Amino acid sequence: MGKIIIVGANGSIGKASAQILRSQNRDIELLSRNKNELNVNALELNCSSQVIDISNHSYVDKYIQQIDFDIEGIIFAVGSIMLKPFEKTTMGEFESTYKQNFLNPIYFTQQAITKMSNSSSIVYFSTVAAQSGFKLHTAISSSKSAIMGAMISLAAEYAPKIRFNCISPSLTKSKMSSFLTDSIPMSEGIAKLHPLGRIGEGKDSGSLAAYLMSAEASWITGQNFNVDGGRSNINTK
Ligand SMILES: NC(=O)c1ccc[n+]([C@@H]2O[C@H](COP(=O)([O-])OP(=O)(O)OC[C@H]3O[C@@H](n4cnc5c(N)ncnc54)[C@H](OP(=O)(O)O)[C@@H]3O)[C@@H](O)[C@H]2O)c1
């Protein structure tokens with residue numbers, strides 16, 4: 001039997017995906033960096049886990065080599081939110097944003113690809129800001145556009161064996177967004193920019209990621225799905 005790997009399983013969207021998949025009796029393996037948090041999550045969900053920082057490529061190599069199951073799917077719920085005026089964003093900040101949001105998931109995919117089973121599925125996370133222009137988003141929107149571009153090409157290269165799709169959330173309550181969502185006035189202000197009147201929760205995107213892992217999604221590949229409360233293409237004002 002195969003397993004679905006969830007990278008970033010301690011996070012808001014990764015954990016929600018894991019909870020939904022376990023409620024459907026899917027076999028999963030949780031990957032994240034914080035050991036204590038990961039142990040609690042794996043115990044709660046009765047599944048396997050591995051502490052790993054996917055930015056360390058030799059750890060990724062070792063992890064992939066010792067995998068003794070077919071990989072039925074991978075959900076890459078890792079990334080960052082880098083907001084800065086363009087002229088103040090250093091090349092180092094561009095590089096680290098590209099690594100976290102594009103190169104690290106792509107390196108992991110490249111190493112894991114031969115262990116993917118037939119009819120398997122990979123989900124990457126982009127952002128609403130890769131399609132709608134927001135100030136201060138140059139580094140993050142361009143790195144998330146890169147993962148979307150890779151997704152569509154990989155979907156062509158690996159069809160029909162592996163399906164590749166992207167989810168593009170708008171602001172979602174999570175660790176990485178806490179600098180925006182912990183302030184109630186700021187959170188309420190941003191919620192009002194969404195036609196559906198609230199910011200996202202992990203399960204909004206997690207439920208779609210779980211669906212894209214299922215047999216019901218077996219005719220869906222090369223797509224991007226906006227999970228954004230209508231922010232990207234509806235204007236109610
Ligand atoms: N939240 C938003 O507003 C928002 C908006 C648009 C797009 N997204 C995208 O949605 C995806 C999921 O994010 P989220 O909202 O669930 O964020 P989150 O709650 O911060 O979760 C990300 C998780 O990834 C783990 N992680 C980070 N770097 C890692 C690494 N190098 N190796 C292994 N694990 C790592 C972290 O846990 P450990 O510290 O335990 O490793 C963290 O819990 C990301 O791609 C993000 O860019 C989020």
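Both counts, for ligands and for their atoms, begin at 1 and track the order of listing. On a predicted model such as this, the values are computed, not experimentally measured, just so you know. If you read the sequence from its start, that first residue is 1, and numbering goes on from there.
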- request: Apply side-chain hydrogen bond (donor to acceptor under 3.5 Å, both in side chains) to Asn118 and Ser120, showing your working.
  value: CA-CA 5 Å; Asn118 284 333; Ser120 53; over 6 Å; no

Do [X] and [Y] belong to the same hydrophobic cluster, where Ile, Leu, Val, Met, Phe, Trp and Tyr are linked whenever their side-chain heavy atoms lie under 4.5 Å apart, directly or via other members?
{"X": "Phe125", "Y": "Leu103", "result": "no"}
{"X": "Ile140", "Y": "Val78", "result": "no"}
{"X": "Ile64", "Y": "Leu31", "result": "yes"}

- prompt: Among Ile75, Ile140, Val78, which one has a heavy atom closest to atom 35 (C) of ligand 1?
  reply: Val78

query: Nearest non-hydrogen atom to atom 7 (C) of ligand 1 belongs to which of Ser126, Gly79, Gly202?
result: Ser126

What atoms of ligand 1 come within less than 4.0 Å of a heavy atom belonging to [X]?
{"X": "Leu171", "answer": "3 (O)"}
{"X": "Asn10", "answer": "37 (O), 40 (O), 43 (O)"}
{"X": "Asn34", "answer": "38 (P), 40 (O), 41 (O)"}
{"X": "Phe125", "answer": "9 (C), 10 (O), 11 (C), 45 (O)"}
{"X": "Ile52", "answer": "32 (N), 33 (C)"}
{"X": "Gly8", "answer": "23 (C), 24 (O), 25 (C)"}

Before signing off on this row, confirm whether [X] and ligand 1 have an N or O atom pair separated by under 3.5 Å.
{"X": "Ile13", "result": "yes"}
{"X": "Thr127", "result": "no"}
{"X": "Met176", "result": "yes"}
{"X": "Glu37", "result": "no"}
{"X": "Pro169", "result": "no"}
{"X": "Gly14", "result": "no"}

If we ignore angles and hydrogens, is there a donor and acceptor under 3.5 Å between the side chains of [X] and [Y]?
{"X": "Lys99", "Y": "Asn104", "answer": "no"}
{"X": "Asn226", "Y": "Asn224", "answer": "yes"}
{"X": "Gln131", "Y": "Ser232", "answer": "no"}
{"X": "Tyr107", "Y": "Asp61", "answer": "yes"}

In the protein, which heavy atom is nearest to [atom], and how far is it?
{"atom": "atom 36 (C) of ligand 1", "value": "Arg33 NH2, 3.9 Å"}
{"atom": "atom 31 (N) of ligand 1", "value": "Asp53 OD1, 2.9 Å"}
{"atom": "atom 21 (O) of ligand 1", "value": "Gly11 CA, 3.1 Å"}
{"atom": "atom 37 (O) of ligand 1", "value": "Ser32 OG, 3.3 Å"}
{"atom": "atom 43 (O) of ligand 1", "value": "Lys175 NZ, 2.9 Å"}
{"atom": "atom 32 (N) of ligand 1", "value": "Ile54 N, 3.0 Å"}
{"atom": "atom 14 (P) of ligand 1", "value": "Ser174 CB, 3.8 Å"}
{"atom": "atom 22 (C) of ligand 1", "value": "Ala77 O, 3.5 Å"}

I'd like to know if [X] contacts ligand 1, where contact means a heavy-atom distance under 4.0 Å to any ligand atom.
{"X": "Ala16", "result": "no"}
{"X": "Leu31", "result": "no"}
{"X": "Gln100", "result": "no"}

Side chain, backbone, both or neither: which applies to [X] and ligand 1 if a contact is any heavy-atom pair less than 4.0 Å apart?
{"X": "Ser170", "result": "backbone"}
{"X": "Ser177", "result": "side chain"}
{"X": "Val128", "result": "neither"}

[X], [atom1]: over 12 other non-hydrogen atoms inside 6.0 angstrom:
{"X": "Lys203", "atom1": "NZ", "result": "no"}
{"X": "Lys175", "atom1": "NZ", "result": "yes"}
{"X": "Phe179", "atom1": "CZ", "result": "yes"}

query: Below 4.0 angstrom, N of the basic side chain to O of the carboxylate: do Glu72 and Lys3 qualify?
result: no

- prompt: Is the closest basic N to carboxylate O distance between Arg198 and Glu188 below 4.0 Å?
  reply: no

query: Checking side-chain hydrogen bond (donor to acceptor under 3.5 Å, both in side chains) for the pair Lys15/Asn41: CA distance, chi angles, key distance, verdict?
result: CA-CA 8 Å; Lys15 188 173 177 188; Asn41 290 332; 3.2 Å; yes

query: Between Leu180, Thr172, Ile190, which is the residue that forms a side chain to side chain contact (heavy atoms under 4.5 Å, CB included) with Ile199?
result: Ile190

message: Parallel, tilted or perpendicular, judged at 30° and 60°: which one describes the rings of Tyr158 and Phe164?
response: tilted

